[in-house]
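Heads up, the thing below is written out as structure tokens.
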Amino acid sequence: QVQLVESGGGLVQAGGSLRLSCAARGRTLSNYVMGWFRQAPGKERERVAATSRSGTSTYYADSVKGRFTISRDNAKNTVYLQMNGLKPEDTAVYYCAASQSLSTVVFVTRYDYWGQGTQVTVSS
């Protein structure tokens with residue numbers, strides 16, 4: 001069992017930056033593909049970014065390409081999402097998730113463990 005705990009959310013003005021962190025407890029994070037998802041009120045959950053076990057392969061949704069960066073520090077058992085150039089439409093609850101899938105990161109759709117989420121609010 002993996003416990004995931006997100007932090008770093010908050011209120012920021014449009015154009016600002018935030019860095020989300022996801023700390024894993026219970027298992028070594030390097031065993032999992034890691035992803036960041038978000039869900040805004042009334043909208044479906046969206047996969048924002050994902051990273052392979054080693055961190056060498058990544059995936060980004062078109063809506064965040066060039067603005068968000070996913071990274072991981074397996075020694076610290078932590079995954080990060082650096083968010084720059086934030087827009088009001090980025091407002092959502094952000095979740096990190098871990099997958100045991102062996103597929104290439106872009107094709108991973110099933111995630112086995114989820115954090116509780118952290119709220120990101122971008123004001124215009």
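Keep in mind that this is a model prediction, so the values were computed, not measured. Sequential numbering from 1 along the given sequence is applied to the chain's residues.
Separation of atoms CG (L4) and OH (Y32) is listed at 9.0 Å; rounding is to 0.5 Å. To the nearest 0.5 Å, atoms SG (C96) and CH2 (W36) are separated by 5.0 Å. With values rounded to the nearest 0.5 angstrom, Q116 atom CD is found 9.5 Å from Q3 atom CD. Atoms OG and CG, on S21 and L81 in that order, are 9.5 Å from each other to the nearest 0.5 Å. The NZ atom of K43 lies 8.0 Å from the CD atom of E89; values are rounded to the nearest 0.5 Å. In this structure, CG on D112 lies 4.5 Å from CD on Q100, to the nearest 0.5 angstrom.
Nearest heavy atom pair, residue V2 against residue A24, reads CG1-CB, 4.3 Å. The minimum heavy-atom distance between L18 and G8, with the atom names listed, is CD2-O, 3.8 Å. Summarising the geometry of Y94 relative to E6, their closest heavy-atom pair is O-OE2, 4.0 Å, with the distance given to 0.1 Å. Closest approach of N77 to L29, counting heavy atoms only: OD1-N, 2.7 Å. Across G85 and S17, no two heavy atoms sit closer than the pair N-OG, 4.4 Å. Between R72 and S52, the shortest heavy-atom distance links the atoms NH1-O, 2.6 Å.
Salt bridge D90/K87: absent, no basic N to carboxylate O contact under 4.0 Å.
At least one side-chain heavy atom of F68 sits under 4.5 Å from a side-chain heavy atom of L86. You'll find the side chain of L102 reaches within 4.5 Å of the side chain of R53, heavy atoms only. Residues T28 and N74 have side chains not in contact (no heavy-atom distance under 4.5 Å, counting atoms from C-beta outward). Proximity of V120 to L20: side-chain heavy atoms (C-beta onward) are separated by under 4.5 Å at one or more points.
Using a 4.5 Å cut-off between side-chain heavy atoms of Ile, Leu, Val, Met, Phe, Trp and Tyr, with links allowed through other members, V48 and V122 fall into the same hydrophobic cluster. Under the 4.5 Å side-chain contact rule for hydrophobic residues, V79 and V64 share a cluster. Residues Y113 and V33 do not share a hydrophobic cluster, defined by chaining ILVMFWY side chains whose heavy atoms lie under 4.5 Å apart.
Side chain of T121 to backbone of L11: no donor-acceptor contact under 3.5 angstrom is found. The backbone N or O of R110 sits less than 3.5 Å from a side-chain atom of S99, completing a donor-acceptor pair. The backbone N or O of S101 lies less than 3.5 Å from no partner atom in the side chain of S103, so there is not a single donor-acceptor pair.
Taking the six-membered ring wherever Trp is involved, the centroid distance between the rings of F37 and Y111 falls below 6.0 Å.
For CD of Q39, the number of neighbouring non-hydrogen atoms (other residues, nucleotides, ligands) closer than 6.0 Å is greater than 12.
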Residues Q13, S124; criterion side-chain hydrogen bond (donor to acceptor under 3.5 Å, both in side chains); working and verdict: CA-CA 6 Å; Q13 289 188 332; S124 57; over 6 Å; no
Worked check of side chain to side chain contact (heavy atoms under 4.5 Å, CB included) between Y60 and I70: CA-CA 9 Å; Y60 294 98; I70 188 171; 3.4 Å; yes
Evaluation steps, side chain to side chain contact (heavy atoms under 4.5 Å, CB included), between T69 and R19: CA-CA 9 Å; T69 302; R19 188 177 81 155; over 6 Å; no
Stepwise side-chain hydrogen bond (donor to acceptor under 3.5 Å, both in side chains) check, S54 with T56: CA-CA 5 Å; S54 65; T56 56; 2.8 Å; yes
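Figure legend: cation-pi geometry between R47 and Y59, with NZ or CZ positioned under 6.0 Å from the six-membered ring centre and within 45° of its axis.
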